[in-house]
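One structure is given here, and the rest of the page talks about it.
Atoms within a ligand are numbered from 1 in the order they appear, just like the ligands themselves.
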Amino acid sequence: MIVRNIDDIRGTAEEVAAPNWVSRRLLLARDGMGFSFHETTIFAGTETHIHYRNHLEAVFCVAGEGEIETVADGRKHAIRPGVMYALDRHDEHYLRAHRELKLVCVFNPPLTGREVHDEEGVYPLLAETA
Ligand code: 9YT
């Protein structure tokens, strides 16, 4: 069994910061679960362009207020505690935080921890090397 406390991830390589967010990775590819599992904080007042061409992601909001806008159809959905969205079609989108958002995110295939968003909001598909 794997048991982890997010407090032990602060300040380690499993805490990844970007201009608009910080992500604490509780499970990564090397843990062998078939998905990765993260807590992500999106900073208030930010807009992030994201397009996970290589991954599926589900996101559950536990705190804050924001919206997601899908690029293909311009539809907007409010994000607030209790709302989950799943990017089942690798949906290109804008994620906006009106107030700081606390999100729990699951990625399939799992992130290795070495990915960085490119200029199109994409994470590359990286293989975990044992
Ligand atoms: C919601 C979202 O995708 N935010 C970007 C960061 C990502 N969740 C990550 O790398 O943990």
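Only the side chain of L95 comes within 4.0 Å of ligand 1, counting heavy atoms alone; its backbone N, CA, C and O stay farther away. Neither the backbone nor the side chain of F37 has any atom closer than 4.0 Å to an atom of ligand 1 (non-hydrogen atoms only).
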Evaluation steps, ring-ring contact (aromatic ring centres under 6.0 Å, His included), between H90 and Y52: CA-CA 6 Å; H90 303 276; Y52 294 126; 9.3 Å; no
CA sep, side-chain torsions, deciding dist, call: V22, V16, side chain to side chain contact (heavy atoms under 4.5 Å, CB included): CA-CA 6 Å; V22 58; V16 174; over 6 Å; no
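Applying the 4.0 Å criterion to heavy atoms of S23 picks out, from ligand 1, the atoms 9 (C), 10 (O), 11 (O). Atoms of ligand 1 lying under 4.0 Å from at least one heavy atom of Y85, given by number and element, are 1 (C). Atoms of ligand 1 lying under 4.0 Å from any heavy atom of R25, numbered from 1 in the order shown and given with element: 9 (C), 10 (O), 11 (O).
A salt bridge is defined here as a Lys NZ or Arg NE, NH1 or NH2 lying under 4.0 Å from an Asp or Glu carboxylate O, and E57 with R89 fails to meet this definition.
With no hydrogens or angles considered, a side-chain donor-acceptor pair links S23 and R25 at under 3.5 Å.
In this structure, R4 places its CZ atom where more than 12 heavy-atom neighbours from other residues, nucleotides or ligands lie under 6.0 Å away.
Of the candidates H93, E57, H55, the one placing a heavy atom closest to atom 1 (C) of ligand 1 is E57.
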